[in-house]
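All ligand and atom numbering here is 1-based and tracks the order in the structure. Nothing fancy with the numbering, it's 1 onward along the sequence.
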Amino acid sequence: MYKTTNNNPISPVAIRTELFSRRSFGFIVEHNGRKHFKQEEALRILTDGEHTEFLYGGAAGGAKSWTGCTWLAFMCLTYPGTKWFIGRESLKRLRESTLLTFFKVCAHYGINRNKDFRYNGQDHYIQFANGSRIDLLDLRYLPSDPLYERYGSTEYTGGWIEEGGEVNFGAYDTLKTRVGRHLNDRYGILPKLFISCNPKKNWMYAAFYKPAKEGVLPPHRIYLPCLVQENPFIESSYISQLQSASDKVKKERLLRGNWEYDDSPNALCTYDAIAAIFTNDLAHRTGVKYITADVARFGSDKARILVWDGYVVIEQLCFDISRTTQIQEAITALRLKHNVPRYRTIADEDGVGGGVVDNCRITGFTNNARPIGGENYHNLQTQCGYRLAEHINASRIAIEAQVSTEERENLITELQQLQAWDTDSDGKLKLKPKEQIKADIGHSPDWRDVLLMRCYFDFADMEIPHCLDKGYFGL
Ligand SMILES: Nc1ncnc2c1ncn2[C@@H]1O[C@H](COP(=O)(O)OP(=O)(O)OP(=O)(O)O)[C@@H](O)[C@H]1O
Ligand SMILES: [Mg+2]
């Protein structure tokens, strides 16, 4: 035992806290001749003066929870009076899992539950004897509080979103503004939001994973992947269990850290079927051409136009939504170029789309119209979305038009959002709503909408096309 100058023993916790404050993490990341290099890097990032948002993990078992608990416990001990949070989609799971890891971590480093800190199970917070505190936050999405105003005025030194894949975009967006507000200047601590995760195509993919892959992450953000194979402290059964999983999606995501696989059980298409669209040689051109245009764009600034030959997209254009005249001119020019009659040209009729439909005298698509042929769908858009998924799964759709890598990824992400949603009380099939998709992926599903409109023509010959109704014939 170390002694102070007046011969009092220094506790092991005090020594570890001192080591932590000097960013000397060996006592955490090294045991029995083995070292967790990624964990050390993670702890360096968590205590640096450079990054304010840090995404860690992207696979199972890399020591995400242990790292988060260790970081918070020692930050609390190092900086008396500071205030932190751990947030998770469900407070119940936070208490039943992450909190238990926190207790385990504290016991492992000799931090005494009743002496150094106490847990208040009624109001869900951890109170340290030195005045520091960790709140446990329930980050469930509440329709009555979509912007997470319940946390909009709380002030934290820093915090941790555990299992970011389960958490709504609004929680991240609000909480990142709540850190850096309690004693940060006094102690010279940068505001820090730590996010631990398994791969998930939600806001983490858009804000961290994808920009990191492309080398365009803004300097205040960082993504550090860590696979279970990089954790030397993992139980061997953990890896063999993952390896023996028969579910390919699970294995790709959790064992290999593959972000392109989404595991929503409600997804109507598999990742492989969607990605195959760009190299699909099974879809054939029929010589019958169509144009679909998505121009209404509530909440989006893009208008997309596709030219189809059968179910093959042969040309695509994208415009700023404000340029309505240009959009109209483009639709007409494409019609003439590809010889597509008005009745096989369709644009959504909502918002500014109504003007485009009228001025170009083409067929209008109303998302909320009743499904054609009396089928059991919530509305026309749902009917077409389900049909689009069928075509994708049957390898009938191909995109041969030039599409940038970034747009391809957007398209794949959006089509993964083609998901079954709560059925109405009347039992009608529904799609995951646009607002929910936007909350999850951070942008409006433009590609999904312009693609699904093509399916209107699968059903349309059951009814008189709208433009024929209006007397618009031929070219
Ligand atoms: N520094 C460490 N010292 C001792 N054991 C550690 C350390 N870091 C991680 N571990 C061990 O590694 C295992 C996995 O860690 P942890 O539960 O934090 O991983 P995870 O990434 O959160 O996993 P999951 O994906 O299952 O949530 C645990 O059994 C934990 O005890
Ligand atoms: Mg964990």
Side-chain angles (χ1 to χ4, degrees), residues 12-13 16-17 19-20 23-47 54-75 77 86-111 134 136-137 139 159-167 194-200 204 208-209 223-245 247 249-259 261 263:
V13 176
R16 290 180 184 129
T17 306
L19 287 168
F20 184 90
R23 302 176 79 209
S24 179
F25 303 123
F27 76 94
I28 301 168
V29 303
E30 288 172 38
H31 306 281
N32 305 332
R34 286 174 297 175
K35 179 168 177 177
H36 194 328
F37 289 95
K38 279 285 175 72
Q39 189 171 50
E40 181 176 53
E41 208 177 329
L43 289 165
R44 294 215 153 272
I45 295 167
L46 285 168
T47 50
F54 173 27
L55 182 75
Y56 179 60
K64 304 178 292 287
S65 304
W66 191 282
T67 308
C69 292
T70 310
W71 170 58
L72 285 185
F74 281 103
M75 287 305 272
L77 290 171
I86 309 176
R88 193 165 172 169
E89 198 270 339
S90 138
L91 182 60
K92 189 166 177 282
R93 281 161 74 188
L94 181 49
R95 279 175 23 229
E96 288 171 359
S97 165
T98 318
L99 184 62
L100 297 187
T101 309
F102 185 85
F103 293 151
K104 201 164 143 185
V105 162
C106 286
H108 186 86
Y109 297 115
I111 305 167
I134 303 171
L136 305 189
L137 305 186
L139 303 185
W160 170 24
I161 296 179
E162 164 81 310
E163 301 289 1
E166 300 165 357
V167 171
F194 178 48
I195 304 151
S196 54
C197 70
N198 289 324
K200 179 78 187 173
M204 302 184 302
F208 290 86
Y209 176 77
Y223 168 54
L224 181 68
C226 180
L227 299 179
V228 64
Q229 295 87 342
E230 296 174 282
N231 177 1
F233 311 127
I234 197 81
E235 302 272 331
S236 54
S237 61
Y238 192 105
I239 299 186
S240 53
Q241 260 171 11
L242 278 177
Q243 270 163 344
S244 64
D247 181 342
V249 173
K250 193 168 170 188
K251 225 160 152 172
E252 284 295 327
R253 290 176 59 246
L254 301 183
L255 184 65
R256 309 205 170 93
N258 188 340
W259 282 74
Y261 278 74
D263 70 336

(message) Within ligand 1, which atoms have a heavy atom of I28 less than 4.0 Å away?
(response) 1 (N), 2 (C), 3 (N)
(request) Using a strict 4.0 Å cut-off to heavy atoms of G61, name the atoms of ligand 1 that fall inside it. (result) 19 (O), 20 (P), 21 (O), 23 (O), 24 (P), 25 (O)
(request) Provide the closest heavy-atom pair for I28 versus F233 in the form atom of the first, atom of the second, distance. (result) O-CE1, 4.3 Å
(request) Just need the protein heavy atom nearest to atom 2 (C) of ligand 1, so name the residue and atom and give the distance. (result) W66 NE1, 3.3 Å
(message) Less than 4.0 angstrom from a charged side-chain N to a carboxylate O is my criterion; do E163 and R93 meet it?
(response) no
(request) Considering only non-hydrogen protein atoms, determine which one is nearest to atom 3 (N) of ligand 1 and report residue, atom name and distance to 0.1 Å. (result) H31 NE2, 3.0 Å
(request) Ignoring angles and geometry beyond distance, decide whether N231 reaches within less than 3.5 Å of ligand 1 through its nitrogen or oxygen atoms. (result) yes
(request) Could you check atom 27 (O) of ligand 1 against the protein and tell me its nearest heavy-atom contact, residue, atom and distance included? (result) E163 OE2, 3.8 Å
(message) Taking side chain to side chain contact (heavy atoms under 4.5 Å, CB included) as the criterion, tell me which of F103, Y109, F102 meets it with V105.
(response) Y109
(request) Answer yes or no: does an N/O atom from K64 fall short of 3.5 Å to an N/O atom of ligand 1? (result) yes
(message) Tell me if the aromatic rings of F27 and F74 count as close, with their centers under 6.0 Å from one another.
(response) yes
(message) In this structure, is the centre-to-centre distance between the rings of F54 and W71 below 6.0 Å?
(response) no
(request) Could you tell me the separation between the NE2 atom of H36 and the SG atom of C226, rounded to the nearest 0.5 Å? (result) 4.5 Å
(message) Geometry only, no angles: is Y238 polar-contacting ligand 1 at N/O separations under 3.5 Å?
(response) yes
(request) Can you pull out the closest protein heavy atom to atom 9 (C) of ligand 1? Residue, atom name and distance to 0.1 Å, please. (result) A63 CB, 3.4 Å
(request) For G62, take its heavy atoms, then give the atoms of ligand 1 lying under 4.0 Å from any of them. (result) 21 (O)
(request) May I ask you to identify the nearest protein heavy atom to atom 17 (O) of ligand 1, giving residue, atom name and distance to one decimal place in Å? (result) S65 CB, 4.3 Å
(message) Working to the nearest 0.5 angstrom, can you tell me the gap between I111 CD1 and T17 OG1?
(response) 6.5 Å
(message) For the 3.5 Å polar cut-off, considering only N or O atoms, please tell me whether Q39 and ligand 1 meet it.
(response) yes
(message) What's the separation between atom CZ in R88 and atom CD in E96, rounded to the nearest 0.5 Å?
(response) 9.5 Å
(message) Using 0.5 Å steps for rounding, measure from the CG atom of L137 to the CD atom of E162.
(response) 13.0 Å
(request) Number the atoms of ligand 1 from 1 as they appear, then name those within less than 4.0 Å of a heavy atom of A60, with their elements. (result) 25 (O)
(request) Tell me which protein heavy atom sits closest to atom 29 (O) of ligand 1, plus the residue, atom name and distance to 0.1 Å. (result) F233 O, 4.7 Å
(request) Using a strict cut-off of 4.0 Å, indicate which atoms of ligand 1 neighbour a heavy atom of I234. (result) 13 (C), 14 (C)
